[in-house]
Undergrad: 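Could you have a look at this structure, given as structure tokens, before my questions?
Not measured: the values here are computed from a predicted model. Numbers restart at 1 for each chain; the letters A, B, ... are given by sequence-line order, proteins then strands. Values below: every heavy atom of this structure, side chains too, minus hydrogens, waters and symmetry copies.
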Amino acid sequence: MLHVHLYGKLRRFAADADPRSESIVDVPYCPADTVGSVVARLGVPVEELGSNLFVDGRYADLSSPVEDEARLGLFPDDMQLLYKWYFRPKAADQ
Amino acid sequence: MERILRVNMADRTARFEPVPSSYKNRAGRWLTSSIVHDEVPATCHPLGPNNKVVFSPGIVTGTPAPTSSRISVGGKSPLTGGIKEANSGTGWGRRLARLGIRALVVEGQPQDGRFWLLKVDAKGAAFESADAWTGKKLSDVVPALAERFGGKDHVDVCSIGVAGERRMGAAGICFTDREGRPTRYAGRGGLGAVLGSKGLKAIVVNDSGAADVPIADKATFDAGRKKLAAALGEHAITKPKGALNTYGTAVLVNILNEAGGLPTRNFREGRFEGATKIAGEAIFAGNKERLGRELYNHPCSPGCIIACSNTWHRPDGSEHTSCIEYESDWAFGADCGISDLDQIAELNLLCNEYGLDTIEIGGTLAVAAEGGLWAFGDGKRAIELVHEIGKATPLGRILGNGAVVTGRAFGVPRVPHVKGQSMPAYEPRAVKGIGMTYAVSTMGADHTSGYTIAPEILGVSGKLDPLDSKKTELARNFQYATGFIDTTGHCLFIAFAILDIASGFEGVVEECSGVLGTKWTMDDVGRIGKAVLDLELDFNRKAGFTAVDDRLPEFMSREPLPPHNTVWDIADSEIDRVFAK
């Protein structure tokens with residue numbers, strides 16, 4: 001199972017969309033999953049995403065692979081306040 | 001003609017001087033750091049007669065350039081012992097610029113221990129006794145001073161609170177916001193204590209009758225300001241009802257928490273279980289619930305089109321405090337283990353009332369909790385402790401002198417600071433790029449000294465991982481670019497837009513050329529930024545700083561930080577290369 005934490009306008013894809021609580025969607029893991037494939041299964045429009053995407057707290061992008069039990073953090077395009085050069089994208093480790 | 005107003009507090013004289021030709025085109029941080037470098041003996045005591053406090057509005061401050069009402073304040077910092085530039089958004093610097101005052105220099109020291117007010121207007125500068133205004137909350141001082149000297153439509157006020165009067169190292173310098181609230185701060189480095197050591201309680205500026213700021217080449221200026229305004233209005237972060245206008249800077253709480261880089265309980269963890277309860281989204285939702293309507297944020301200063309400054313409201317809908325910035329929210333929230341926004345708001349309010357830097361005080365409280373003075377998460381006790389500072393009790397004086405002094409007083413070795421200034425809201429073990437900035441900044445641990453500028457714009461090539469071999473170049477260029485922005489008078493937050501929209505950055509350069517009549521290009525950004533940093537580095541070297549001062553606290557190299565369980569592992573030699581000759 002993957003645990004997807006949603007923020008801002010993306011919270012609407014979770015059952016609990018209260019901005020004062022955690023908006024988490026549990027998504028069944030599929031082999032060879034990436035951030036992009038999980039986003040597609042959730043039905044989140046890619047154009048609503050910004051550059052602040054995280055897998056297990058590490059900066060990621062849509063092509064980044066995810067493993068079972070991973071925590072994904074997705075922020076929308078109007079919340080991308082952290083810049084990518086502070087982090088090593090997870091894909092770069094591969 | 002633009003002038004320097006020089007005020008000597010030893011004999012309470014004020015005189016105007018022409019701006020020396022050597023300072024041509026310098027303003028904002030470039031000018032404050034130039035004057036401090038040239039006039040303040042680097043080894044002087046920060047609270048003694050030889051230190052100075054220098055105010056300077058930026059190059060475009062006072063013009064119609066968007067989001068440009070910043071005032072730079074410089075001096076030798078009592079916290080770090082090095083040079084300091086802290087800046088704030090306010091109409092105060094805008095009025096100074098309209099009066100043709102490029103810099104206001106406060107020097108000397110009275111021997112009688114009394115406090116004074118300085119009034120500056122189109123007729124000149126004059127003093128009067130501040131005996132009736134000391135020892136009070138700033139909300140009881142600043143609006144009354146504004147009213148007395150012409151009303152908030154004509155007047156802005158700069159003042160210290162009781163912390164500055166008592167020369168505490170965590171004292172900031174308070175400025176009025178666009179509505180006249182005493183809520184905006186040149187907060188860091190203890191410059192409020194330096195102004196207190198000069199016996200100067202407040203500076204009231206009334207620009208009635210002043211002419212507009214001269215613009216040498218209006219066509220170039222207008223072209224530039226339109227490019228910048230278009231970029232700010234278009235970008236998702238800075239546009240109306242964008243992230244900053246809706247959630248304020250506290251939008252960062254959830255982001256840093258997700259990244260595992262939100263320092264929690266005195267930098268023991270990188271995630272806070274109460275983050276969603278205190279984040280910008282929670283502030284927006286809480287206000288909506290209490291007010292029965294959506295409340296978007298307001299501009300802190302005239303001419304700002306980003307408008308990121310928030311207010312927090314009590315259950316009855318009355319205003320509790322402004323502004324709960326990300327750093328303040330984090331300092332009293334995650335770093336103190338407090339997840340109650342009303343308690344965070346009260347701590348923020350008390351810092352505004354007593355004239356304190358919220359980052360330093362939040363960090364100090366966390367160190368005090370580590371030392372057993374109170375328990376993390378006990379917001380009521382934290383509030384009582386900040387009142388101790390306001391009352392200047394012996395305990396309050398320890399706390400009011402910041403995290404390092406408090407760590408010493410209570411035997412706490414885990415003090416997150418660099419050069420004596422406590423660390424802001426980004427964990428260096430999780431966000432190593434900012435750790436490099438903390439280490440080499442001329443200001444001590446300071447997130448604003450190298451935060452946001454696109455390395456592409458500065459010619460640093462594509463792969464932007466701070467852990468690769470280009471990280472030293474990156475850290476250096478970030479700081480140069482910030483030195484330039486702090487010179488223009490623009491808020492650093494314009495960087496969110498000009499980072500992604502290159503024409504916006506070109507617009508900033510054109511605005512400056514338009515005001516000054518220069519032909520600056522993008523190449524001048526790095527040149528000017530380097531000039532600023534070179535002055536500051538030279539001052540710090542003369543003050544006795546060496547490479548050993550450019551280090552993060554030892555515990556960060558030893559203690560792995562959850563959830564990533566990483567340590568600070570950037571080699572000293574890498575750090576030393578950033579500003580190596």
Undergrad: Please state whether the side chain, the backbone, both or neither of B/Leu244 comes within less than 4.5 Å of a heavy atom of chain A.
TA: side chain
Undergrad: Against chain A, work out which of B/Leu341, B/Asn254, B/Asn257 has the most heavy-atom pairs shorter than 4.5 Å and name it.
TA: B/Asn254
Undergrad: To the nearest 0.5 Å, how far apart are OG1 in B/Thr238 and CG in B/Asn245?
TA: 10.0 Å
Undergrad: Considering only heavy atoms from C-beta outward, does the side chain of B/Arg271 approach that of B/Leu262 to under 4.5 Å?
TA: no
Undergrad: So, do B/Val431 and B/Leu256 sit near enough that their side-chain heavy atoms are less than 4.5 Å apart?
TA: yes
Undergrad: Taking C-beta and beyond as the side chain, do A/Leu53 and A/Phe75 meet within less than 4.5 Å on heavy atoms?
TA: no
Undergrad: Quick one, B/Thr482 and B/Tyr480 - any side-chain contact, counting heavy atoms below 4.5 Å?
TA: no
Undergrad: Given side chains that start at C-beta, do those of A/Asp33 and A/Arg41 come closer than 4.5 Å, heavy atoms only?
TA: yes
Undergrad: Considering only heavy atoms from C-beta outward, does the side chain of B/Ile498 approach that of B/Ile485 to under 4.5 Å?
TA: yes
Undergrad: So which of B/Gly274, B/Ala243, B/Pro563 has the largest heavy-atom pair count under 4.5 angstrom toward chain A?
TA: B/Ala243
Undergrad: Sort by residue number and list every member of residues 4-26 of chain A having a non-hydrogen atom under 4.5 Å from chain B.
TA: A/His5, A/Tyr7, A/Gly8, A/Arg11, A/Pro19, A/Arg20, A/Ser21, A/Glu22
Undergrad: Would you say that B/Lys239 contacts B/Ile305 through its side chain, given a criterion of any heavy-atom pair below 4.5 Å between the two side chains?
TA: no
Undergrad: For a ring pair (Phe, Tyr, Trp, His ring centres under 6.0 Å) with B/Tyr326, tell me which candidate from B/Tyr426, B/Phe332, B/Tyr247 qualifies.
TA: B/Tyr426
Undergrad: Got a second to check how far B/His447's NE2 is from B/Leu492's CG, nearest 0.5 Å?
TA: 8.5 Å
Undergrad: Which residues, numbered in order, of residues 277-286 of chain B come under 4.5 angstrom of chain A by heavy-atom distance?
TA: B/Lys277, B/Glu281, B/Ala282, B/Ala285, B/Gly286
Undergrad: Tell me, do B/Arg577 and B/Arg476 make a side-chain contact under 4.5 Å, heavy atoms counted?
TA: no
